[in-house]
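These numbers come from the heavy atoms of this one structure, side chains and all, not from hydrogens, waters or symmetry mates. No experiment lies behind these values; they were computed from the predicted model shown.
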There are 2 protein chains.
Amino acid sequence: MPKNGPDPRAILDLDRIVHEPARLAILTVLASAEEVSFLFLQRVTGLSKGNLSSHTQKLEAAGYLETVKAFQGRIPVTSFRITEDGRTALRAYQQQLRALLPKEGKP
Amino acid sequence: MPKNGPDPRAILDLDRIVHEPARLAILTVLASAEEVSFLFLQRVTGLSKGNLSSHTQKLEAAGYLETVKAFQGRIPVTSFRITEDGRTALRAYQQQLRALLPKEGKP
DNA sequence: TGAAACAAGTTTGTAGCGCAAACCTGTTTT
DNA sequence: AAAACAGGTTTGCGCTACAAACTTGTTTCA
């Protein structure tokens with residue numbers, strides 16, 4: 001009898017915006033804090049500046065985060081917040097993943 | 001107190017070969033059967049022929065599966081088997097994912 | 001004061017990827 | 001014998017991730 005795991009087609013439906021590791025890392029960080037600065041995000045993820053910039057732009061275009069530009073003293077500081085849509089997308093993604101992972105102990 | 005979830009950097013270390021949804025689907029199917037034909041794999045994953053062909057080639061190049069070409073009657077049939085390396089990679093990937101997913105009920 | 005180093009981000013350039021259309025080789029049907 | 005068909009592979013293309021180079025503004029040092 002063939003073991004039947006998760007539906008392989010479901011795997012193909014994963015949200016590609018979230019699925020990209022760099023963006024998943026970003027969303028994960030944003031989900032656990034109200035607002036996060038560009039620099040902090042860069043340090044904690046280890047992404048290059050260019051890379052981080054383009055990924056946040058993509059996430060913003062998707063409506064998953066919003067960019068907040070402000071000044072601290074006179075130097076400009078860019079920060080990000082996850083949006084409701086972003087939080088929803090992240091949770092949905094995590095739910096899908098959970099459904100795909102086998103139950104923990106495969107003999 | 002800031003909630004600290006999983007290490008974001010760990011997310012960036014995911015095995016990209018396995019992480020691609022099409023290939024994850026393929027590996028998942030292969031992991032649950034000894035040998036699987038091209039056609040069956042196509043039907044169950046819903047991938048196009050070209051797409052399936054290139055992904056299996058990539059997986060073979062990575063050493064995660066092996067291709068078995070045979071004949072059934074006089075028509076050629078291509079089948080695949082997951083290798084030990086492939087199984088190991090798949091399991092490792094699943095382990096990483098588990099570590100990244102929050103514990104199930106976030107308030 | 002002015003030049004030189006520095007900081008925060010953004011834009012540009014490039015290699016690589018995923019995808020399906022077109023193609024190839026052989027088989028079955030009419 | 002020609003035409004349709006099946007199983008796969010190769011080709012071509014638009015998109016993506018990534019870092020190097022650039023931009024704009026600030027601080028340091030001579």
Side-chain angles (χ1 to χ4, degrees), chain A residues 8-30 35-62 64-81 93, chain B residues 8-30 35-62 64-81 93:
Chain A
R9 291 193 189 231
I11 302 179
L12 301 178
D13 291 336
L14 287 168
D15 182 345
R16 302 293 265 239
I17 297 285
V18 182
H19 191 61
E20 166 62 30
R23 288 191 293 264
L24 180 55
I26 292 170
L27 285 181
T28 299
V29 174
L30 291 188
E35 189 170 316
V36 176
S37 75
F38 186 99
L39 227 47
F40 179 80
L41 206 45
Q42 192 196 341
R43 301 248 163 80
V44 73
T45 60
L47 292 166
S48 72
K49 294 190 282 187
N51 205 355
L52 178 55
S53 177
S54 54
H55 282 302
T56 54
Q57 285 181 43
K58 194 153 295 196
L59 285 168
E60 180 166 38
Y64 290 176
L65 65 74
E66 58 186 2
T67 304
V68 180
K69 286 183 181 287
F71 283 81
Q72 233 162 61
R74 51 181 41 187
I75 93 173
V77 173
T78 301
S79 298
F80 306 98
R81 290 169 181 270
Y93 177 80
Chain B
R9 291 192 189 231
I11 301 180
L12 300 177
D13 292 336
L14 288 168
D15 182 344
R16 302 295 265 238
I17 297 285
V18 181
H19 191 60
E20 165 62 30
R23 288 191 293 263
L24 179 55
I26 292 170
L27 284 181
T28 299
V29 174
L30 291 188
E35 190 170 315
V36 176
S37 75
F38 186 99
L39 227 45
F40 179 80
L41 206 46
Q42 193 196 340
R43 301 245 163 83
V44 74
T45 59
L47 293 167
S48 71
K49 293 189 283 188
N51 205 354
L52 177 56
S53 177
S54 54
H55 282 301
T56 53
Q57 284 181 45
K58 195 153 295 197
L59 285 167
E60 180 166 37
Y64 289 176
L65 65 73
E66 57 186 2
T67 303
V68 181
K69 288 183 179 287
F71 283 81
Q72 233 162 60
R74 53 180 41 185
I75 93 175
V77 173
T78 302
S79 299
F80 306 98
R81 292 169 179 270
Y93 177 80

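- Contact check for Tyr64(A) versus Val18(A): side-chain heavy atoms found under the 4.5 Å cut-off.
- Each of Pro76(A) and Arg23(A) has a nearest nucleotide on DNA chain D; the 5'-most of these lies closest to Arg23(A).
- Residues from residues 44-57 of chain A that place a heavy atom under 4.0 Å from any atom of DNA chain D, listed by number: Ser48(A), Gly50(A), Asn51(A), His55(A).
- One can place CG of Leu39(B) at 16 Å from P of dC5(D), the figure rounded to the nearest angstrom.
- Between Leu14(A) and Tyr93(A), the closest side-chain pair of non-hydrogen atoms falls below 4.5 Å.
- At a threshold of 4.5 Å between non-hydrogen side-chain atoms, the residues Thr28(A) and Pro8(B) do not count as touching.
- Lys58(A) has its NZ atom 10 Å from the P atom of dC15(D), to the nearest Å.
- For the pair Glu20(A) and Arg16(B), the salt-bridge criterion is met [side-chain N within less than 4.0 Å of a carboxylate O].
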| said: Run Ser53(B) and Gln57(B) through side chain to side chain donor-acceptor pair (under 3.5 Å) and show every step you take. | reply: CA-CA 6 Å; Ser53(B) 177; Gln57(B) 284 181 45; 3.2 Å; yes

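- As rounded to whole Å, 15 Å separates atom C1' of dA17(D) from atom CG of Leu14(B).
- Taking atom CG on Leu59(A) and atom P on dT16(D), their separation rounds to 13 Å, with Å as the unit.
- Distance, Gln72(A) CD to dG25(D) C1': 16 Å, rounded to whole Å.
- Taking the side chain as every heavy atom from C-beta outward, Ser79(B) and Phe40(B) never approach each other to under 4.5 Å.
- Counting to the nearest Å, the P atom of dT16(D) and the NE2 atom of His19(A) are 14 Å from each other.
- Leu47(A) places none of its side-chain heavy atoms less than 4.5 Å from the side chain of Leu41(A).
- Scanning DNA chain C 5' to 3' for nucleotides with an atom closer than 4.0 angstrom to a non-hydrogen atom of chain A gives a first and last hit of dA8(C) to dC19(C).
- Positionally, the nearest nucleotide of DNA chain C for Ile75(A) lies more toward the 5' end than for the other of Arg16(A) and Ile75(A).
- Rounded to a whole Å, the CZ atom of Phe40(B) is 15 Å from the P atom of dG7(D).
- Rounding to the nearest 0.5 Å gives a distance of 5.0 Å between CG of Leu27(B) and CG of Leu59(B).
- Under a 3.5 Å cut-off, the side chain of His19(B) and the backbone N or O of His19(A) do form a donor-acceptor pair.
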